[in-house]
S.K.: 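Here you go, one structure.
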Amino acid sequence: MNILVLNVGSSSLKFQVIATDLDRITRDADERLCRGEVERVGGEAIVTFQAGNGSRHKSTAPLRDIGAALDYVLQWLVSADSGIPHISSAKDIHGVGHRIVHGGELFSESALITDQVLKGIEDCIDLAPLHNPSHIKGIMAVRKVFGPDVPQVAVFDTAFYASLPEHAYLYAIPYHLYQRHRIRRYGFHGTSHRYVAYRYRQLRKLTREQTNIITLHLGNGASATAIRGGKAIDTSMGMTPQEGLVMGTRCGDIDPSIVNVIATKEGLSTHEIDTLLNSQSGLLGVSGLSNDMRVLSDELREHDDRRVRLAIEIFCWRVKKYIGAYLAHMSGADAIVFTAGIGENSAPIRARICAGFEWAGFRLDEQRNQKLIGTEGEISAEGSTLRGYVIPTDEELVIARDTARVILGEPHPS
Ligand code: AMP
């Protein structure tokens, strides 16, 4: 089956077409037919297309909305010169999988999109006011552009956390706030954590039940998840993606009373403070230079800037704190798994985070660590009882496979 994987944002659309089915899943033989992106939808959009592992083509086109962008993508998919095998009309797309940021408490697994499911995604708009409305626009656009009969599947970022126990997802605030407004931890990046956990147990030839690991998704957004017996038992992101680790522009954990202090001292509204904590904090806020870890790492190497050093130190300190907390909750783990932009590519950051975990049975193999840049493998030394791995994430593959499984009526095992 050719599955179109879509990630629709407010003014952008990312896509991949992946050939997958139950047989391909079993043989790990899924095939990525193409990928691309449409940015700045609403004006002169920037479009990037890539067939297979071929070269990337960049162009611009006036695309007024997501529907127009999707139609443009379809025209490229079916055109003879796109170079994509097996796709010559909209009928050659057998299903569409959507990344949906928030499924609230309604969705604990991927779901075939019916009118009822669509209503459920709408009901979660309160929880993800910036994301869910765009996803709904994407679903409606697919119905229009590909026709009403193409099956669509929703894959929720939050679903992996349906297994969190109450004591991990409830905040210690008056209980009625949970009852009235569903204020609780939901967790995000679930599809990424789920993929690396799946891949880890594949590499180590373990069953799901034998998988006891801490996964670290360290990108521009960052989160940590404790996985025991293959299930998430805690995660660092909360009601929103703001909680937990230090991120590119988000502060992560802070004393909640700071909001009141900033409001009083700086005369800012709660909305303005929310923006400050989400968009002007984190690595950017501390360093005063950039939210981009690569820029900060280069700057540190060349000029040893004090605030840049501090931003990186705070980032690593916070990650270590979560690893320590999760090791305590899990009574020890088998491995720490790094993924996403920083986790996959920055050996120095991984080394900083891993330093000092000898007490827990972890020893870094410097050479292995240096060698693993954007590729998969082990970074711990022989004999470590707590191992370290780097596993590049692949959320699109999870979405494509879930979509195929849901369409074929198979329960999803990963
Ligand atoms: P993501 O959100 O997963 O795309 O990750 C983006 C983050 O990964 C940015 O902060 C990048 O600077 C960071 N990143 C990518 N490559 C490197 C690298 N080689 N060293 C340090 N940070 C990197």
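Counting starts at 1 for both ligands and their atoms, in listed order.
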S.K.: Name the closest protein heavy atom to atom 15 (C) of ligand 1, giving the residue it belongs to and the distance to 0.1 Å.
M.R.: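 Its nearest protein heavy-atom neighbour is Gly341 O, 3.5 Å.
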S.K.: Under a 4.0 Å threshold between the charged nitrogen and the carboxylate oxygen, would Arg185 count as salt-bridged to Glu243?
M.R.: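 Looking at Glu243 and Arg185, the cut-off is met.
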S.K.: Is atom 5 (O) of ligand 1 near the protein, in the sense that some protein heavy atom lies at less than 4.0 Å from it?
M.R.: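 Flag for atom 5 (O) of ligand 1 set to true, protein heavy atom closer than 4.0 Å.
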S.K.: Could you list the atoms of ligand 1 found under 4.0 angstrom from a heavy atom of Ala340?
M.R.: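 Contacts of ligand 1 toward Ala340, numbered from 1: 3 (O).
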S.K.: Tell me the protein heavy atom at minimum distance from atom 21 (C) of ligand 1, and give that distance in Å.
M.R.: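 Result for atom 21 (C) of ligand 1: Ser346 CB, 3.5 Å.
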S.K.: So is Ile342 polar-close to ligand 1, meaning N/O to N/O under 3.5 Å?
M.R.: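 Yes, since at least one N or O of Ile342 sits under 3.5 Å from an N or O of ligand 1.
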S.K.: Is there a donor-acceptor pair closer than 3.5 Å between any side-chain N or O of Ser380 and the backbone N or O of Phe362?
M.R.: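 Judged by distance alone, no pair lies under 3.5 Å.
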S.K.: Would you list the atom pairs, donor with acceptor, under 3.5 Å between side chains in residues 43-51 and any protein atom, with sequence neighbours excluded?
M.R.:
{"from": "Glu44", "atom 1": "OE2", "to": "Thr60", "atom 2": "OG1", "distance (Å)": "3.2"}
{"from": "Gln50", "atom 1": "NE2", "to": "Gly54", "atom 2": "O", "distance (Å)": "2.8"}

S.K.: So is Arg294 polar-close to ligand 1, meaning N/O to N/O under 3.5 Å?
M.R.: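 It does: an N or O of Arg294 is found under 3.5 Å from an N or O of ligand 1.
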S.K.: Which residue is it: Ile84, Asp92, Ile93? I am looking for the one with a side chain to side chain contact (heavy atoms under 4.5 Å, CB included) to Val17.
M.R.: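 For Val17, the side chain to side chain contact (heavy atoms under 4.5 Å, CB included) test succeeds with only one of Ile84, Asp92, Ile93, which is Ile93.
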S.K.: Under 3.5 Å, is there a donor-acceptor pair linking the side chains of Asp28 and Gln202?
M.R.: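 Judged by distance alone, the side chains do pair up.
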S.K.: Just checking, is any N or O donor in the side chain of Arg401 or Tyr198 under 3.5 Å from an acceptor N or O on the other one?
M.R.: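 Yes - a donor-acceptor pair under 3.5 Å links their side chains.
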S.K.: Please check if any side-chain donor atom of Thr235 sits under 3.5 Å from a side-chain acceptor atom of His193, or the reverse.
M.R.: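 No - no donor-acceptor pair under 3.5 Å links their side chains.
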S.K.: List the closest protein heavy-atom neighbour of atom 17 (C) of ligand 1: residue, atom name, distance to the nearest 0.1 Å.
M.R.: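 Here the nearest protein heavy atom works out to Asn345 CB, 3.6 Å.
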S.K.: With atoms numbered from 1 as shown, which atoms in ligand 1 lie under 4.0 angstrom from a non-hydrogen atom of Asn220?
M.R.: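 So the atoms of ligand 1 that pass are 1 (P), 2 (O), 5 (O), 6 (C), 7 (C).
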S.K.: Could you find the nearest protein heavy atom to atom 11 (C) of ligand 1 and give me its residue, atom name and distance?
M.R.: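 For this ligand atom, the closest protein heavy atom is Asp292 OD1, 3.3 Å.
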S.K.: Nearest to atom 10 (O) of ligand 1, what protein heavy atom do you find, and at what distance?
M.R.: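 Here the closest protein heavy atom is Met293 N, 3.1 Å.
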